[in-house]
Amino acid sequence: MPSSPHTGWFSLVSATLTAVVVGFASTILLIMEAARNAGATPSQQASWAAALCFGMAISSLILSWRYRMPMITAWSTPGAVLIATSGGGISYPEALGAFVVAGLLMVVAGLIKPLERAIEKIPAPIAAAMLAGVLLRYTLGVPGAALAMPLAVLPLVIVFFGLRLSYPLYAVPVVVVAGVAMAGISGSFAGDCCSFGITALEWTTPVFDLGTILSIGVPLFLVTMASQNLPGFAVLRASGYQPPVQPALIVTGATSMALAPFGSHAINMAAITASIVTGPDCHPDPRKRWLIAWPYLVLYGLIGLMAASFVAVLGALPKELITAIAGLALFSPLMGSITTMMKEPRDIESALITFLVTASGLTIAGVGSAFWGLVAGLALFGARHLIKRA
């Protein structure tokens with residue numbers, strides 16, 4: 001029996017709410033860490049979060065409404081980790097300049113088909129190894145945080161892995177809520193917490209520095225393409241849709257560029273949360289699943305307006321607790337990246353070099369390790385193939 005219109009809308013709103021809660025709560029702490037490491041002030045951090053939320057809401061509506069399929073967007077989680085681990089020593093305006101360039105590269109990839117194909121041809125093990133190297137540097141902070149605050153962190157670790165066994169999708173959101181609750185009960189919040197109000201976007205004129213562009217801008221573009229956009233398109237195809245790749249890259253890249261002066265580091269196609277809204281649980285009729293764009297617009301618009309409040313609460317958590325929650329949130333992406341990195345035996349050496357150089361954190365000529373890791377891995381990969389052809 002066909003579902004009633006009310007049932008259809010209920011499932012749409014329910015699926016969208018789940019996607020928003022999972023997407024926001026799972027990695028908002030990483031966004032704040034990235035903003036702090038880039039030198040953003042509290043008001044700039046709030047603007048950063050709000051710009052991302054508004055960008056996701058608007059770009060999702062544009063793509064879903066235009067192409068009549070559930071094309072939701074998200075912020076670049078790997079990109080946030082890259083900034084959080086590589087942003088030290090740069091100024092906030094320089095970081096914004098790198099974000100503008102990353103968005104521009106996304107637009108160019110959408111306009112120039114051969115460039116898009118070239119990015120797609122970067123060996124998956126090497127792309128995964130670069131991402132794994134970035135993630136590893138962050139997840140290694142969890143044991144230290146557990147030693148510093150055992151009574152707060154160890155219960156979160158137990159809850160996290162307990163939920164991973166049965167309800168993995170909710171493991172991180174539950175841990176975030178539990179961590180905030182524990183901090184409140186124990187009186188661990190900073191003394192000046194917390195102010196609440198409507199968030200205002202704060203403009204900062206970007207500064208374009210070549211070293212920062214190579215350290216953050218180019219790797220941000222690459223990890224976003226490899227670990228967010230390409231899987232996001234794959235999720236849509238797996239659900240029976242044929243996503244318009246070039247328009248999607250242009251829209252997300254242009255949105256990222258437009259909002260970069262307000263702090264937005266990267267808007268891209270959603271992958272994990274997209275799987276929540278592209279299947280029959282969202283709506284039995286595939287032709288109507290694009291309507292999730294409307295509740296998505298409303299929910300992320302409201303979160304964007306309240307971003308300053310979220311930043312105030314989460315920013316007041318003890319540093320060790322933030323490190324632990326953020327590190328746990330990256331456990332699953334790290335596991336997936338390492339699995340992909342080691343999948344092809346013939347590429348393990350190239351992938352391992354990429355991983356080690358990226359994880360080392362070295363800086364050469366002002367350019368960070370993610371870029372050099374990719375260069376080293378691709379150089380070895382190319383050399384091996386040239387030797388085989390000779």
Side-chain angles (χ1 to χ4, degrees), residues 8-9 11-24 26-27 51-79 102-103 105-111 113 116 119-120 169 221 223-259 264-304:
W9 271 107
S11 63
L12 281 169
V13 173
S14 176
T16 308
L17 180 61
T18 302
V20 169
V21 170
V22 170
F24 184 84
S26 295
T27 52
L52 287 171
C53 291
F54 295 148
M56 291 156 55
I58 295 170
S59 58
S60 296
L61 179 62
I62 292 172
L63 290 170
S64 297
W65 180 67
R66 171 64 180 82
Y67 297 101
R68 292 301 195 268
M69 60 181 74
M71 298 180 66
I72 65 169
T73 61
W75 57 54
S76 175
T77 299
L105 290 173
M106 200 70 69
V107 172
V108 172
L111 293 173
K113 191 70 175 177
E116 176 202 330
I119 298 299
E120 290 182 356
L169 190 64
F221 162 66
V223 298
T224 300
M225 277 291 291
S227 60
Q228 296 270 185
N229 281 329
L230 298 183
F233 294 133
V235 168
L236 284 165
R237 292 190 184 101
S239 298
Y241 299 99
Q242 291 301 318
V245 174
Q246 288 182 286
L249 294 179
I250 293 171
V251 169
T252 54
T255 304
S256 299
M257 289 178 63
L259 294 175
S264 170
H265 66 288
I267 302 293
N268 47 249
M269 299 306 299
I272 295 175
T273 50
S275 63
I276 300 173
V277 300
T278 54
D281 288 343
C282 175
H283 198 287
D285 187 351
R287 296 170 298 177
K288 294 184 178 179
R289 291 173 196 160
W290 75 270
L291 293 169
I292 56 98
W294 292 109
Y296 201 78
L297 173 75
V298 173
L299 289 172
Y300 262 117
L302 291 174
I303 291 175

Residue pairs, two or more places apart or on separate chains, that pass salt bridge (Lys or Arg N to Asp or Glu O under 4.0 Å) and touch residues 287-303
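Of all non-adjacent pairs touching residues 287-303, those that pass salt bridge (Lys or Arg N to Asp or Glu O under 4.0 Å) are D285-R287.
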
Could you walk me through whether Y300 and V20 pass side-chain contact (heavy atoms from CB on, under 4.5 Å), step by step?
CA-CA 7 Å; Y300 262 117; V20 169; 3.7 Å; yes

Hey, what do you get for [atom1] ([X]) to [atom2] ([Y]), rounding to the nearest 0.5 Å?
X: I292; Y: L17; atom1: CD1; atom2: CG; result: 12.5 Å
X: N268; Y: S76; atom1: CG; atom2: OG; result: 5.0 Å
X: L259; Y: F54; atom1: CG; atom2: CZ; result: 9.5 Å
X: I250; Y: T255; atom1: CD1; atom2: OG1; result: 11.5 Å
X: M56; Y: S264; atom1: CE; atom2: OG; result: 9.5 Å

Taking it one step at a time, do S64 and M69 satisfy side-chain contact (heavy atoms from CB on, under 4.5 Å)?
CA-CA 5 Å; S64 297; M69 60 181 74; over 6 Å; no

Please report the shortest heavy-atom distance between [X] and [Y], naming the atom on each side.
X: I267; Y: S256; answer: N-OG, 2.8 Å
X: P295; Y: T16; answer: CG-OG1, 3.7 Å
X: T278; Y: S239; answer: OG1-OG, 3.1 Å
X: A266; Y: T224; answer: CB-OG1, 4.2 Å

For T73 and S60, test the side chains for any donor-to-acceptor distance below 3.5 angstrom and give the result as yes or no.
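The answer is yes; a qualifying pair exists.
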
Any side-chain heavy atom of [X] sitting closer than 4.5 Å to one from [Y]?
X: T252; Y: M106; result: yes
X: T273; Y: I72; result: yes
X: M71; Y: S59; result: no
X: H283; Y: L291; result: no

Given M225 and F221, is the side-chain contact (heavy atoms from CB on, under 4.5 Å) satisfied, shown in steps?
CA-CA 6 Å; M225 277 291 291; F221 162 66; 3.5 Å; yes

Distance-only donor-acceptor hits, side chain of residues 228-235, under 3.5 Å, sequence neighbours excluded:
| unit_1 | atom_1 | unit_2 | atom_2 | d |
| --- | --- | --- | --- | --- |
| Q228 | OE1 | T77 | N | 3.2 |
| N229 | OD1 | M269 | N | 2.9 |

Using the ring pair (Phe, Tyr, Trp, His ring centres under 6.0 Å) criterion, which residues pair with F24? Sequence neighbours excluded.
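Partners of F24 under the ring pair (Phe, Tyr, Trp, His ring centres under 6.0 Å) test: W75, F310.
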
Take W290 and W65 through the side-chain contact (heavy atoms from CB on, under 4.5 Å) test and state the conclusion after the steps.
CA-CA 7 Å; W290 75 270; W65 180 67; 3.6 Å; yes

May I ask you to decide if Q242's main-chain N or O and Y67's side chain share a donor-acceptor pair within less than 3.5 Å?
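Side chain of Y67 to backbone of Q242: no pair is present.
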
